[in-house]
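Some notes on the structure that comes next.
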Amino acid sequence: MNQGKFVFSQVVEYIPRYQFDKLVKQYKGDWHTKNLSSYNHLLHLLFGQLTGCDSLRDICLCLEAHNKMLYHLGFRKAVNHTSLSRANESRDYRIFEGLGLYLIDMLRPMYSNFQLSQITIDNEIYALDSTTISTSIKLATWALGKYSKGACQDAHPVGFERQHTCQYPYHGRQVA
């Protein structure tokens, strides 16, 4: 029997809801939506990221399996993968980008007194985008990814100019 809050709902408490709602209003994120608000969309994507789901269908199936706990996790209701896919296509990305930048700006002062060399992450800090860019395995045999398909990922170093790198998952190499 659960005696407290779920970990996911504790993580969600750190999201500044007022700031998120301002971004939604600024970019009209909830305009003409029926059953998936921007905040619920964010919760679905965070749940998928934190639980390691591989697809939108995975996210929806996991949430459907925990249907009785949705309210306690912070969801109003779960949606199907089609609604989630349409929301990903139509909702303005600047809402989520603005939230990410706001959170980075909140955290930056916490580490302002530290030299970069004092932070024990091998002196390199990356905020990684989880977008996978499909490639032809016949043209790029070095980029073998999941399910025998080729793939590259886009890495964005924090605090530096944006840099595109291809990740070679089986060789451990990077090319700028």
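Reckoned from all heavy atoms, side chains included, excluding hydrogens, waters and symmetry mates.
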Linked, directly or transitively: Leu70 and Leu50 (ILVMFWY side chains, under 4.5 Å): yes
Partners passing side chain to side chain donor-acceptor pair (under 3.5 Å) against Asn88 (at least two apart in sequence or in another chain): His41
Listed once per pair and sorted, the salt bridge (Lys or Arg N to Asp or Glu O under 4.0 Å) pairs that draw on residues 23-38, sequence neighbours left out: Asp30-Arg91
Any residue meeting side chain to side chain donor-acceptor pair (under 3.5 Å) with Asp58, in chain and number order, not counting sequence neighbours: none
Shared hydrophobic cluster for Val12 and Val7 (ILVMFWY, side-chain gaps under 4.5 Å): yes
Closest contact, heavy atoms only, Leu43 versus Phe8: O-CZ, 3.6 Å
With Arg86 via salt bridge (Lys or Arg N to Asp or Glu O under 4.0 Å) - residues at least two apart: none
From OG (Ser55) to CG (Leu84), nearest 0.5 Å: 10.0 Å
Identified side chain to side chain contact (heavy atoms under 4.5 Å, CB included) partner of Val79 from the options Leu63, Leu36, Ile59: Leu36
Single-linkage hydrophobic cluster Leu61~Leu45, side-chain heavy atoms < 4.5 angstrom: no
With sequence neighbours excluded, residues passing side chain to side chain contact (heavy atoms under 4.5 Å, CB included) with Leu107: Met110
Contact check, side chains of Val11 and Leu46, non-hydrogen atoms, under 4.5 Å: no
Within residues 6-24 or reaching into it, pairs that qualify as salt bridge (Lys or Arg N to Asp or Glu O under 4.0 Å) - sequence neighbours excluded: Lys5-Glu13, Arg17-Asp21
Which residues share a side chain to side chain contact (heavy atoms under 4.5 Å, CB included) with Asn80, sequence neighbours left out: Thr82, Ser83
Salt bridge (Lys or Arg N to Asp or Glu O under 4.0 Å) involving Asp92 - partner list, sequence neighbours excluded: Arg94
Geometric class of the Phe47/His66 ring pair [parallel <30°, tilted 30-60°, perpendicular >60°]: perpendicular
With sequence neighbours excluded, residues passing side chain to side chain donor-acceptor pair (under 3.5 Å) with Arg76: none
Any Ser38 side-chain heavy atom under 4.5 Å of Leu23 side chain: no
side-chain contact (heavy atoms from CB on, under 4.5 Å) assessment of Phe20 paired with Ile95: CA-CA 7 Å; Phe20 184 76; Ile95 295 169; 3.6 Å; yes
CD on Glu97 to CG on Leu99, rounded to 0.5 Å: 11.0 Å
Residues forming a side chain to side chain contact (heavy atoms under 4.5 Å, CB included) with Tyr71, sequence neighbours excluded: none
Between Tyr39 and Phe75, ring centroids under 6.0 Å: no
Under the side chain to side chain contact (heavy atoms under 4.5 Å, CB included) test, residues paired with Ser85 that sit two or more places apart: Leu56, Glu89
Joint cluster assignment, Leu101 & Phe96, ILVMFWY side-chain distance < 4.5 Å: no
Atom pair CG/CD1 of Leu103 and Ile15 - distance to nearest 0.5 Å: 7.5 Å
His81: partners by side chain to side chain donor-acceptor pair (under 3.5 Å), with sequence neighbours left out: Arg57
Steps toward side-chain contact (heavy atoms from CB on, under 4.5 Å) verdict (Tyr27, Tyr93): CA-CA 9 Å; Tyr27 296 114; Tyr93 73 93; over 6 Å; no
